[in-house]
Protein chains: 2
Amino acid sequence: MELLTSLASYAGIVGLMVAAWLYFSVRSESPGNQHMQEIGEAIRVGAMTFLRREYAILLWFEAAVFVLLWWQLAWATACAFLFGAICSMAAGFFGMTSATIANTRTSQAAKDGGEERALLVAFNGGAVMGLAVASLWLVGVGILFAMYGDVAHAKVINGFAMGASLIALFARVGGGIYTKAADVGSDLVGKVEAGIPEDDPRNPGVIADNVGDNVGDVAGMGADIFESYVGSLIASIAIAATLGAKQLHGLAAGHANPESVRTTLMMLPLVLAVIGLFASLAGIFSMRMLKGIGAQAALRYSTFVAAALFLLLALLLIFVSPASTAVWMAVLLGTIGGIAIGLITEYYTSGAPVRRVAEASKTGSATNIISGLAVGLESCALPILVICATIFVANAMAGLYGIGIAAVGMLATVGVTMTVDAYGPIADNAGGVSEMAELGPEVRAVTDGLDALGNTTAAIGKGFAIGSAALTALALFSAYAQAVNHARALAGHGHHPLSIQITDPTVVIGLFIGGVLPFVIGALTMTSVGKAAGEMVTEIRRQFREIPGLLEGKEGVKPDSARCVDISTRAALHEMIVPGLTAVISPVAVGILFGAEALGGMLAGATLSGVLLALMMANAGGAWDNAKKSIEKGDLVGEGKGTDAHHAAVVGDTVGDPFKDTSGPSMNILIKLMSIVSLVIAPLLV
Amino acid sequence: MELLTSLASYAGIVGLMVAAWLYFSVRSESPGNQHMQEIGEAIRVGAMTFLRREYAILLWFEAAVFVLLWWQLAWATACAFLFGAICSMAAGFFGMTSATIANTRTSQAAKDGGEERALLVAFNGGAVMGLAVASLWLVGVGILFAMYGDVAHAKVINGFAMGASLIALFARVGGGIYTKAADVGSDLVGKVEAGIPEDDPRNPGVIADNVGDNVGDVAGMGADIFESYVGSLIASIAIAATLGAKQLHGLAAGHANPESVRTTLMMLPLVLAVIGLFASLAGIFSMRMLKGIGAQAALRYSTFVAAALFLLLALLLIFVSPASTAVWMAVLLGTIGGIAIGLITEYYTSGAPVRRVAEASKTGSATNIISGLAVGLESCALPILVICATIFVANAMAGLYGIGIAAVGMLATVGVTMTVDAYGPIADNAGGVSEMAELGPEVRAVTDGLDALGNTTAAIGKGFAIGSAALTALALFSAYAQAVNHARALAGHGHHPLSIQITDPTVVIGLFIGGVLPFVIGALTMTSVGKAAGEMVTEIRRQFREIPGLLEGKEGVKPDSARCVDISTRAALHEMIVPGLTAVISPVAVGILFGAEALGGMLAGATLSGVLLALMMANAGGAWDNAKKSIEKGDLVGEGKGTDAHHAAVVGDTVGDPFKDTSGPSMNILIKLMSIVSLVIAPLLV
């Protein structure tokens, strides 16, 4: 186990090398004809410009936080913070680079080789992101763990998580606003007003919409999962570092020496990550064999292959270690919990509830919206029960450490789950490219099929991201409580341990303030999307009015796409600041003004209402989206594209857009970032 | 103070006598012409039939709970439960009786004497409900307090609160489903499909809609406030009964004897209620002088008169009592907090946010819905801060007792606030009657003005109901914790006091399960409204199709309104069962399965997410409603009735209907009922 730990960063480098190899193998595919290459280039330039400008703004934040951490805490923590931020940005950069070359190549592959070939190109394009997330993480934490992996210094590693978190929040919020401003804006004018199809090359907003898929669903999602993974690992290490003798005894296999058990438990998360990376590689390469059994089954089985292999290897390793196999049960439960939440999400975004929403569209937009909101509210119940069951069993098996390690178990095969996630926007882009480059109905049918599948995988990925965020936040919360206790003991407050009693009015105040924050962030992000989409609408209307021949589709007349890209970029970068600052500053303010107990209440309140809102928004959004698609496919007798029911369903889909792609996903990061900030500032709250 | 306490039930009887006198004075007004009387009679019969059938179903529940309480706890608690249920039902019955005779008389008064006269009739009609709530409560609790008002038996009174709560939940949920099924159903066919005005006599659903205003906004709201009032009083008594010597010392004026301070603190809530009733009477009668200054100002000042008088009398009384005037500060803060939440609600449902929603309607239904949801989410922030500030100061002034007594302070002038609330649906009905009886544009202008004002008072009333529910639930929560401790001490577990630590995984599980319950109840109630409205739509379409001459308005052709009333009644009674049972059974199940700590977490989680959802839904609904009204009034340049922007705003209004009148209000009761059930079963959780 020591060996695997010391090899962690090397394993990460191996992962990165495979990612590089996959990247070049995707790049060696044909990029398509001249027109496709132009479209691809426009998307690539738009996405990279956004990323560059976003990172330029974030540098200022990072510098400020770096100085604050150095001043108030330690040089090492500040450096770890910067390192975490850089790793997260690098993962986003690699993933985007790959996704933006894979889109046109997927279209071309669909043209040349049909579904199987296109699936493989899109999947491999996504795998670069998946492996970049799983590997960069290992490299970063591996190096830090080798330097600070002992009980006394483990808290330095928290800085790494905070760096990753800060980037993640801005990437998610900024990317989310970008993608939905472009999507909603171009749909409102193009589909609804002008009556031209989605992704029509005449629409000036289409390129921005395609760029948005990349910056939101690739870079944003990647940063989110990267952060969850880092958070769960850091929480587990922090909990293991402060376990008491009795707890260590309970987690020991037979009569193992308690301190060797502690060392094992501290190393275990990293070791599981290494195993998980290799299991993910197996899953990714299994796609070459699986691609023939149909796209949906192939994507699903590649995930299952990785999960099964991971669990088996983890069992073997824990069995020979000084730790009890009860720890493995917690890992198992996390993995099963993640899959269960994914399947529940799939049900709510493609099963009977979608038919209910589609049916309600017959009586108009209002009933469509009411039923979609009801589906969203209802869909919270089962995932919450799964999370509760996971907490209950993990805690019964291995105490608080069990909760942390269950989160690690849920995320260990992130290499492959993230691949499937990143596949979605690539397939979506490929559909757009096929339409814009007029590749014909056969190609469009292939890419549409892959795109529809991408919607389901995206919904499942969101459920998974929320579930893992919830467990991670809870584990970080435990780590926070122990860190405060530790700091108080050091400061001589040993007899005044942290006691976050819900009956304490200060804690109640924290609970309420924490609980309302996700609602405020939700309001801010939805308003931002509305504003930015409004600007986009005005600009697209202007182009249709002022560029002669554009709407009529006259040969050689092209829309000014760059201007729409610029509007989305500026809006997203401008609007991401307030929610981002709110998330960072509020825990610091509550901690300093009301103390560590109130901050504990705040974290609990934010986690609770954040998880609930995230589930509600993601699933309502998914259900509306697929209800619209189901009407378009003709699932409702007598209805179809262009009917009143379809118009009603389009309204639902548009409302669902910021729900599922902007506000909902922001919640995951909000709760994790607040927890990590609290964990980092814990030593100051004595 | 002893004197006032022993006179409490007599004060209640005086209040009831004034209510009876007001009832007869309203009844002596002219009921209008033959047609108006027929309409009024149809509404009255519909409302009373619903109430009778609802109460018949509730008798079974009451009997079952009565037997369970008798068997598991005590005969006295079971009887108090029954008594509470009967008082709550009686308040609903009196209020409805009055509201359903005041509607036609308000129309007639508008015809005969203009706004002033109509305002007074509607206000006095509402005052019967207001006084019935405030007085029946005093009679019931006064009698129980005289019998069980000592430290050892005070918990018997909890049964009274549970009885009131159980009725309240069913009344709110059933009434909410009834009113919105009728409203949404008749609007969808009448306004949207057939293009006839609201409240048009041709529409078969209009009578059901008017009945719904009564059963939802009069009986439902009355039961809600009745329950809050009882809950806050019972929590304060329970907290005072278990205060320690040190806390009693802190709340004493000078060197008063601790036990006499305890007696004072136990009596104080009841005494404040007596004062509040008389202050409310003063407020109600001040309307006779105020009615000339304009309806909005008159309603507002009548509330202020009562609040100021109440605070003054309370200060005098507390000043001469053995209790510290710090207690008065908590009362003051509660009163101010209630007014502040009302004003914030007014801002969000009639200020700048409404203009934002109206503006967003220009780009269609989707942007209208997005901006309304954003307003709802945003509107949670300030009320939560007010609640937090109230908790903070009340606790600093008078500990946990301060939180309970602040809730009492918020509710003490319920006689007048409830009057203003009940005025709303009477004015709304009067508008409907004027339209159906074709009283002409001048009368309609008067009743429309009073109705529009009723929308604002209804929104303020909802904010007030949520704020008081939050404080009441928190006070009940403290009472619950002390009751468990007390029971454990009696059972010899004195050294294992209740410790609801958020870091305890069991508590976290409770928190999550509690937190998701409001989402589930929200989903259930919204789905119920959708289903029932769907049935209503089918029935109204059938009548328009099958009754010859109905839609054309042929002389003598009448719709079959009774059938629509019956559909709403059956749907509401059927659909209220599941949410009601969920609320009662879930705390019992969690308490027994996971213990008192988990149940504590559950209450905190439910209170947090319930308050947030309630605020979000009530304010989003209010903003949508008034955005539509503002477009109809012509506030948007170039828009008005029948434009695309108006259609978009109607969609928002329809979505907002179940939000603000069904699901949102159910949350208040849900959190209070769960808290009271927990308090009652606390002795069993040792």
When you look at F512(A) and T607(B), which way does the side-chain contact (heavy atoms from CB on, under 4.5 Å) test go after all the steps?
CA-CA 9 Å; F512(A) 269 86; T607(B) 303; 4.1 Å; yes

Is I403(A) close to chain B through its backbone or its side chain, or both, or neither, when contacts mean heavy atoms under 4.5 Å?
side chain

Under 3.5 Å donor-acceptor, Q501(A) side chain and I500(B) backbone
yes

Point-to-point distance, once rounded to the nearest 0.5 Å, from CD of E378(B) to CD1 of I521(A)
12.0 Å

Quick one: which of A470(A), S663(A), A523(A) has the most heavy-atom pairs under 4.5 Å with chain B, could you say?
A523(A)

Using non-hydrogen atoms and a 4.5 Å limit, figure out which bit of T367(A) sits close to chain B: side chain, backbone, both or neither.
side chain

Calculate, to the nearest 0.5 Å, the distance between atoms CG and CG belonging to L377(B) and L524(A) respectively.
10.0 Å

Residue part contacting chain B, namely of V508(A), when any heavy atom lies under 4.5 Å
side chain

I369(B), N395(B), I384(B), L612(B): which one forms the most heavy-atom pairs within less than 4.5 Å of chain A?
L612(B)

Of the listed residues (S365(B), S499(B), A381(B), A481(B)), which shares the most heavy-atom pairs with chain A below a 4.5 Å separation?
S499(B)

V651(B) versus V651(A): any side-chain heavy-atom pair under 4.5 Å?
no

Identify which part of V507(A) has an atom lying under 4.5 Å from any heavy atom of chain B, answering side chain, backbone, both or neither.
side chain

Taking all heavy atoms of L400(A) and all of P505(B), pick out the closest pair and write down the distance.
CD2-CG, 3.8 Å

I need the minimum non-hydrogen distance between A366(A) and V655(B), along with the two atoms involved.
O-CG2, 3.7 Å

Output for pair (S478(A) OG, D504(B) CG), nearest 0.5 Å, gives 10.0 Å

Within residues 386-394 of chain A, the residues sitting under 4.5 Å from chain B by heavy atom, in sequence order, are C388(A), I391(A), F392(A)

With a 4.5 angstrom heavy-atom cut-off, is it the side chain or the backbone of L603(A) that approaches chain B, or both, or neither?
neither

If you tally heavy-atom pairs under 4.5 Å against chain A, which of L608(B), T503(B), T654(B) wins?
L608(B)

Can you tell if the side chain of V375(B) reaches within under 4.5 Å of the side chain of T527(A), non-hydrogen atoms only?
no

Honestly, the part of P658(A) sitting under 4.5 Å from a heavy atom of chain B is side chain

At a 4.5 Å cut-off on heavy atoms, which part of L615(B) comes close to chain A: side chain, backbone, both, or neither?
neither

Contacting moiety of I502(A), where chain B heavy atoms sit under 4.5 Å
both

Taking every non-hydrogen atom, the tightest pair across A374(A) and M526(B):
CB-CB, 4.1 Å

Chain B contact via F659(A) - side chain, backbone, both or neither, heavy atoms under 4.5 Å:
side chain

Against chain B, label L474(A) side chain, backbone, both or neither, depending on which of its atoms sit under 4.5 Å from a heavy atom there.
side chain

T363(B), L511(B), V520(B): which one forms the most heavy-atom pairs within less than 4.5 Å of chain A?
L511(B)

